[in-house]
Amino acid sequence: MRLTIATWNINSVRLRINLVARFVEEWAPDVICLQETKCRDSEFPLSSFHKLGYPHVAINGQKGYHGVAIASKLPLTGIDRRGFCEKGDARHLAATVTPDAARAPVRLHNFYVPAGGDEPDPLINPKFAHKLAFLDEMAAWMGAETLAASDAIVVGDLNIAPLEADVWSHKALLSVVSHTPIEVEKLGLVLASGPWVDAMRRYVPAEEKLYTWWSYRARDWALSNRGRRLDHVWVSESLAPRLGGMQVVAESRGWERPSDHAPVLVHLDF
DNA sequence: ATGTCGTGAAGGTCACGA
């Protein structure tokens with residue numbers, strides 16, 4: 001069978017539930033991982049997901065900020081939420097899907113890494129310090145738990161564009177939070193806590209521009225095309241041979257009242 | 001190129017985070 005997994009920073013799931021509907025009707029992912037749902041669990045539009053064909057939904061929300069969710073056509077087991085940096089933020093959600101009863105299950109981790117504020121100096125910007133600490137804790141925990149030792153996937157808005165071709169201008173963004181060397185280094189340590197494989201870059205060469213986010217502030221996001229690849233899909237090395245394709249659904253950025261992030265889809269063939 | 005969004009608590013707009 002083919003398992004299609006999507007990840008999308010939706011920037012308010014309640015405001016954009018109709019965009020979620022349009023996306024899943026056109027792309028029919030088996031599992032959709034959302035970030036920035038921005039609502040309490042009691043406010044989550046659960047019945048909308050049920051009507052869209054996703055009877056299994058795991059949520060980790062909070063009032064107004066952050067929040068992650070996993071909606072699935074297949075049963076979700078082992079639902080778990082980890083807190084990072086003792087902040088009480090809803091930034092992680094894990095669940096297991098079993099695409100093929102004859103195979104080992106796949107563990108899925110959905111992350112929303114802190115954005116980090118504007119000033120790229122942890123000594124004067126507590127939000128940037130939090131982002132760096134979050135990455136350190138992520139690497140330590142993922143390594144200690146050996147998450148990549150069995151079939152596993154990490155998705156989410158990691159809020160870092162690590163490669164030069166992950167941003168519209170490497171030079172211009174070297175001191176812009178999301179592309180600073182210290183963040184890129186720490187994200188590299190998270191990746192190396194695996195072995196994890198950057199699934200998106202299996203399909204687009206490292207030298208080729210690839211974006212998942214375009215600022216709301218551009219007059220014309222498509223014309224200026226000053227994007228960044230902030231959203232990621234990593235698979236354990238054991239799953240890499242199962243990779244069967246990847247798309248960034250950039251057209252969604254042009255939909256009415258869009259999220260500033262586009263969904264990323266990855267296909268796995270079992 | 002400091003511009004545009006979403007939320008919440010007010011209170012008919014602003015602060016904050018992104």
Side-chain angles (χ1 to χ4, degrees), chain A residues 7-23 33-45 48 59-69 83-85 87-92 110-122 124-135 155-162 166-180 182-183 187 209 211-232 250-264:
Chain A
T7 180
W8 194 8
N9 179 320
I10 193 63
N11 188 15
S12 174
V13 69
R14 288 179 295 174
L15 192 68
R16 294 191 226 283
I17 188 64
N18 292 340
L19 298 192
V20 173
R22 180 171 177 182
F23 171 68
C33 299
L34 299 172
Q35 303 87 35
E36 284 208 88
T37 51
K38 290 189 173 177
C39 62
R40 298 177 181 96
D41 290 355
S42 60
E43 299 164 329
F44 192 90
S48 299
I59 47 184
N60 182 17
Q62 69 182 79
K63 183 181 178 182
Y65 302 102
H66 323 314
V68 287
F84 286 82
C85 301
K87 285 269 186 182
D89 287 350
R91 295 183 179 275
H92 169 260
N110 180 12
F111 279 98
Y112 176 56
V113 171
D118 289 330
E119 184 60 53
D121 182 347
I124 61 175
N125 174 9
K127 284 184 265 187
F128 194 65
H130 175 216
K131 184 179 197 176
L132 299 182
F134 191 100
L135 293 164
V155 303
D157 177 3
L158 305 186
N159 263 316
I160 296 168
D166 289 337
V167 292
W168 63 274
S169 168
H170 170 62
K171 272 193 177 178
L173 274 82
L174 266 175
S175 60
V176 173
V177 171
S178 72
H179 192 61
T180 64
I182 182 77
E183 294 167 84
L187 187 68
K209 296 291 191 188
Y211 311 140
T212 63
W213 175 89
W214 293 262
S215 170
Y216 283 126
R217 294 180 184 180
R219 281 194 202 91
D220 184 330
W221 71 276
L223 183 66
S224 61
N225 196 26
R226 292 184 170 184
R228 306 177 200 171
R229 183 170 71 114
L230 302 179
D231 303 275
H232 298 268
E251 67 200 52
S252 71
R253 185 63 181 77
W255 293 349
E256 192 178 349
R257 288 250 270 171
S259 168
D260 46 355
H261 293 253
V264 181

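First the proteins, then the strands, lettered A, B, ... as listed; each starts at 1.
Distance Leu173(A) CG to dA1(B) C1': 13 Å, rounded to the nearest Å. Spacing between atom CH2 of Trp214(A) and atom C1' of dC5(B) amounts to 17 Å, rounded to whole angstrom units.
Within the structure, the salt bridge (charged side-chain N to carboxylate O under 4.0 Å, His left out) test picks out no pair touching residues 217-227 of chain A (sequence neighbours left out). Pairs engaging residues 167-178 of chain A under the salt bridge (charged side-chain N to carboxylate O under 4.0 Å, His left out) rule: none recorded [sequence neighbours left out].
Every ring-ring contact (aromatic ring centres under 6.0 Å, His included) that His66(A) has, sequence neighbours left out, goes to Tyr112(A). For Arg14(A), the side chain to side chain donor-acceptor pair (under 3.5 Å) criterion is met by no residue, not counting sequence neighbours. By the side chain to side chain donor-acceptor pair (under 3.5 Å) test, Trp221(A) is found to be paired with no residue, residues two or more places apart in sequence or in another chain being considered. In terms of the side chain to side chain donor-acceptor pair (under 3.5 Å) criterion, Asn159(A) has no residue partners (sequence neighbours excluded). Taking the ring-ring contact (aromatic ring centres under 6.0 Å, His included) definition, one finds that Phe111(A) meets it with Phe84(A), His92(A), sequence neighbours left out.
For Arg226(A) and Ser215(A), each mapped to the nucleotide of DNA chain B holding its nearest heavy atom, the one lying further toward the 5' end belongs to Arg226(A). Nearest-nucleotide assignment on DNA chain B puts the 5′-proximal partner with Arg219(A), out of Arg219(A) and Pro258(A).
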Are there any protein N/O atoms within less than 3.5 Å of an N/O atom in nucleotides 14-18 of chain B, and if so, which ones and at what distance?
unit_1  : atom_1 : unit_2    : atom_2 : d
dG17(B) : OP2    : Lys127(A) : NZ     : 3.4
dA18(B) : N6     : Arg217(A) : NH2    : 2.6
dA18(B) : N1     : Arg217(A) : NH2    : 3.3

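At a threshold of 4.0 angstrom between heavy atoms, the contacts of Ser224(A) include nucleobase atoms, whether or not backbone atoms are also involved. Across all strands shown, Arg257(A) has heavy atoms under 4.0 Å from sugar-phosphate atoms exclusively, and none from any base.
Rounded to a whole angstrom, the distance from the C1' atom of dT2(B) to that of dA18(B) is 14 Å. dG3(B) and dT7(B): their P atoms are spaced 23 Å apart (whole Å). Of the P atoms belonging to dG6(B) and dA10(B), the separation is 22 Å, rounded to the nearest Å. Spacing of P atoms, dA1(B) relative to dA15(B), comes out at 27 Å, to the nearest Å.
A heavy atom lying under 4.0 Å from DNA chain B marks the following residues of residues 12-20 of chain A, by number: Ser12(A), Arg14(A), Leu15(A), Arg16(A).
At least one donor-acceptor pair under 3.5 Å links the side chain of Asn110(A) to the backbone N or O of Ala69(A). Listed for the Tyr65(A) side chain is no donor-acceptor partner under 3.5 Å among the backbone atoms of Ala90(A).
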